[in-house]
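Presented below is the structure to which this report refers.
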Amino acid sequence: MAHDERMTKDFVRDIVDAHLASGRFGQRVHTRFPPEPNGYLHIGHAKSIVLNFGIAEEYGGKCNVRFDDTNPVREEEEFVDSILEDVRWLGYDWEDRLFYASDYFDQLYEWAVDLIRKGWAYVDDQTVDEIRAQRGDLTTPGTLSPFRDRSVDENLDLFARMRAGEFAEGERVLRAKVDMSHPNMNMRDPIMYRVLHATHHNTGDRWCIYPSYDWAHGQSDSIEGITQSICTLEFENHRPLYDWLLDRLGVHHPQQIEFARLNISYTVLSKRRLRQMVEDGLVSGWDDPRMPTLRGMRRRGYPPAALRDFLSRIGVAKVNSTIAFETLEHSIRDHLNRTARRFMGVLDPLPVTIENLPADLDDTMDFAVNPEDPGAGTRAIPFSADLVIERDDFMEDPPKGFHRLAPGREVRLRNAYLATCTEVVRDGSEVTGLVCRVDPGSRGGNAPDGRRVKGTIHWVSVPHAVEAEVRLFDRLFTVEDPMAGDGDFMSYINPDSLVVRKGCKVEPAVTGIGPGETFQFERLGYFCVDPDTTDGHLVINRTITLRDTWARIRGER
RNA sequence: AGCCCCGUGGUGUAGCGGUUAUCAUGGGAGACUCUGGAUCUCUCGACACCAGUUCGAAUCUGGUCGGGGCUGCCA
């Protein structure tokens, strides 16, 4: 697939270049995306997907999807399907290379036996607590396990019995014999296998011992012939172990490369915290349009190409950083501006009667499908003398700088007529409607005498309109870094992150828009049809507003 | 405290011994406009610090300071 071009070269690609130049892996480039099937993917995972698949594409290599399913008690089949769906939606194809770490359990077992034979692994009978206590701490070396010097034969026998199910969980464990006084804690005889009498989503009850991440990951990479094993920074301290294990085995040895995970202001990107928001009901689910999950963003109307663009422009590095939410928004708007079809909708309707047009007028106006894309052509929008406009577009006593409608003022009804407000209808103090007079010669929107009209507002013809519920979303948190400070991040949830508007009026063509298409309501922003829509009830999500200079000016006053 | 990693405009990012220190985003000003959108122009703004090597250092070396990670039978 021909994806968007990257803007800069990063340190990961520099390393790949160096590998190619030295011929370390021949001329092969083979990466992998290794999710654990225990939750839904979010934009942070997308950074890894785009990196791994992107590099494979650029270098004419391949990228696998491999589920890191080594912990049966946390993982579920349902997540496998959702993860694959999300990867596909993002625009990537693993072809026939869908793997599971659990595919390699037999090989992993054989290799463990091999290490035992070579004296590099042993069965430990200690409890979790004993092992923890004996590990030492950051400044104190660990102490040796009393079982560390068992004979190879005894280790072999015990390990076989672990596999056979003779021991309870926690009773025995297989450990790599590395160095209990190593300054890197990961090297203090790390656990390779633990007993878990649990049913695995893939292997069922075939196993009751399961490999740890450290024992499974590098070896799986090796089996698949991976060349660059790209992971996040927190695995940096695991690299010595990754290398140690592969070196003892003497098998294909990929290069682990670590990059900084993604952080975005005004949101959180951690499975645990996202889960908490779902479970506490602060959002409607993992696909709530406010969630930074891929499912949430899809439902919100973010196009996958915009996400790819965003991820490629923020780059990849080793510095921990937080990307401004505005940067994401820019990519969304930029993509949508170029691609989205334009429609009209009124979120907060104010009735307008055109006094000098026939009450039964049934006209249509030409409208550009997308002014940014002349090739998209034009279409017709129904027009009548009975309209609604946005309440915000009228002020009885407008401040300077306001160039929308006001008593006696003329504005352009977009693509229709120049209209002057001749009367304000009210119920008590509340304005309930307007009467306008239209310049008959301005049909289409241009003044017959060429006079300039500064304001242009949008409208919808009431007899043709469809009613809709529109959901307006805003950032999930009120502070840039919800994790900062010692308060609970949940207390920073933005109470206005969802505002529901009912009784909105939209042009009838909107009902023909399918799922997955994000369109523009002129002057308002980008929107999409929500799956909650039923036959009689149209539900629309606001993906993002248009930049609103007027709002900014007002806000700064 | 031990080990590992990282410090370039507000936010990201390029830079690989000699550049007016890149680009984007963001802020400000203006032009244009049938979306107060888009577009265009101008503008603001950074090499953490101190030594050293060198004719020359954001780039190399050492130190200081600052940030992050690591003490699951999680990944």
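The figures that follow rest on heavy atoms only: side chains count, while hydrogens, waters and symmetry mates do not. Within every chain, numbering begins at 1; the chains are lettered A, B, ... in the order of the sequence lines, protein sequences first and strands thereafter.
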Centroid-centroid under 6.0 Å between A:Trp244 and A:Trp120 rings: yes

By salt bridge (charged side-chain N to carboxylate O under 4.0 Å, His left out), A:Asp124 pairs with (sequence neighbours left out) A:Arg175

Side-chain N or O of A:Arg135 less than 4.0 angstrom from OP1 or OP2 on B:G72? yes

Sugar-phosphate, base or nothing in reach of A:Arg412, heavy atoms under 4.0 Å: base

Is the phosphate of B:G28 approached by A:Arg552 (side-chain N or O, under 4.0 Å from OP1 or OP2)? yes

Start at the 5' end of RNA chain B and walk down; is the nucleotide closest to A:Thr327 or to A:Thr139 reached first? A:Thr139

Check whether any side-chain heavy atom of A:Asp392 sits under 4.5 Å from a side-chain heavy atom of A:Trp550, and report yes or no. no

Could you note down all residue pairs passing salt bridge (charged side-chain N to carboxylate O under 4.0 Å, His left out) where residues 189-198 of chain A supplies at least one of them, sequence neighbours left out? A:Arg148-A:Asp189

When you measure from the side-chain N and O atoms of A:His330 to the phosphate of B:U25, is any distance below 4.0 Å, counting only OP1 and OP2? yes

Just jot down the salt bridge (charged side-chain N to carboxylate O under 4.0 Å, His left out) partners of A:Arg239, sequence neighbours excluded, or say none. A:Glu258

Could you list the residues that satisfy side chain to side chain contact (heavy atoms under 4.5 Å, CB included) with A:Arg172, not counting sequence neighbours? A:Val123, A:Asp125, A:Arg150, A:Leu158, A:Met162, A:Phe167

Applying a 4.0 Å non-hydrogen cut-off, can you work out what A:Asn446 is touching in the nucleic acid: base, sugar-phosphate, or nothing? base

Strand RNA chain B in bracket notation, Watson-Crick/G-U under 3.5 Å with | for pairs to another chain: .((((((..(((.....[....)))((((((.......))))))...(((((..]....))))))))))).....

Could you check whether any side-chain heavy atom of A:Pro34 comes within less than 4.5 Å of a side-chain heavy atom of A:Phe67, counting everything from C-beta outward? no

Would you jot down, in residue-number order, the residues of residues 257-265 of chain A having a non-hydrogen atom under 4.0 Å from RNA chain B? none

Using a cut-off of less than 4.0 Å, is there contact between a side-chain N or O of A:Ser212 and OP1 or OP2 of B:G72? no

Taken in chain and number order and not counting sequence neighbours, the residues that satisfy side chain to side chain contact (heavy atoms under 4.5 Å, CB included) with A:Arg273 are A:Val268, A:Ser270, A:Met483, A:Phe489

Looking at every strand, decide which applies to A:Asp14 at a 4.0 Å heavy-atom threshold: base, sugar-phosphate, or nothing. base

When you check the phosphate oxygens OP1 and OP2 of B:U33, does a side-chain N or O of A:Thr456 lie under 4.0 Å from one of them? no

Over all strands shown, is A:Glu36 touching base, sugar-phosphate only, or nothing at heavy-atom distances under 4.0 angstrom? sugar-phosphate

Looking across every strand, which nucleic acid part, if any, lies under 4.0 Å from A:Asn415 by heavy atom: base, sugar-phosphate, or nothing? base

Could you check whether A:Arg272 gets within reach of a base, just the sugar-phosphate, or nothing at all, counting any heavy atom under 4.0 Å? nothing

Would you mind classifying the nucleic acid contact of A:Pro371 as base, sugar-phosphate or nothing, using non-hydrogen atoms under 4.0 angstrom? base

Indicate yes or no: at least one non-hydrogen side-chain atom of A:Pro190 is less than 4.5 angstrom from one of A:Leu241. yes

With a cut-off of less than 4.0 Å, is there a side-chain N or O of A:Arg523 near OP1 or OP2 of B:G36? yes

Return the polar atom pairs (N/O with N/O) between nucleotides 57-68 of chain B and the protein under 3.5 Å, or none.
| from | atom 1 | to | atom 2 | distance (Å) |
| --- | --- | --- | --- | --- |
| B:G68 | O2' | A:Asn320 | ND2 | 3.1 |

Would you please indicate if the ring centroids of A:Phe367 and A:Phe343 are separated by under 6.0 Å? no

Applying a 4.0 Å non-hydrogen cut-off, can you work out what A:Tyr210 is touching in the nucleic acid: base, sugar-phosphate, or nothing? nothing

Please check if the side chain of A:Tyr193 supplies one atom and the backbone of A:Arg163 the other of a donor-acceptor pair under 3.5 Å. no

Salt bridge (charged side-chain N to carboxylate O under 4.0 Å, His left out): which pairs involve residues 69-78 of chain A, sequence neighbours left out? A:Glu36-A:Arg74

With sugar-phosphate meaning primed atoms plus P, OP1 and OP2, does A:Thr70 contact a base, only sugar-phosphate, or nothing at under 4.0 Å between heavy atoms? sugar-phosphate

Using heavy atoms and a sub-4.0 Å distance, could you list which residues of residues 182-200 of chain A are near RNA chain B? By number, please. A:Pro183, A:Met185, A:Ile191, A:Arg194

Mind checking if A:Phe11 touches a base, just sugar-phosphate, or nothing, with heavy atoms under 4.0 Å? nothing

Across the strands shown, which category fits A:Val128 at heavy-atom distances under 4.0 angstrom: base, sugar-phosphate, nothing? base

Would you classify A:Arg338 as touching base, sugar-phosphate or nothing, given that sugar-phosphate means primed atoms plus P, OP1 and OP2, and contacts are heavy atoms under 4.0 Å? nothing

Going by the rule salt bridge (charged side-chain N to carboxylate O under 4.0 Å, His left out), which residues pair with A:Glu329 if we only count those two or more places apart in sequence or in a different chain? none

Does a side-chain N or O of A:Arg342 approach OP1 or OP2 of B:U35 to a distance below 4.0 Å, or not? no

Whether A:Glu390 side chain and A:His458 backbone form a donor-acceptor pair below 3.5 Å: no

Could you list the protein-to-nucleotides 40-47 of chain B atom pairs, N/O on both sides, closer than 3.5 Å?
none

Measure the distance between the ring centre of A:Tyr213 and the centre of the six-membered base ring of B:A75, then answer whether it is under 5.5 Å with planes under 30°. no

Which listed nucleotide (B:G36, B:U35, B:A38) is nearest to the side chain of A:Gln520? B:U35

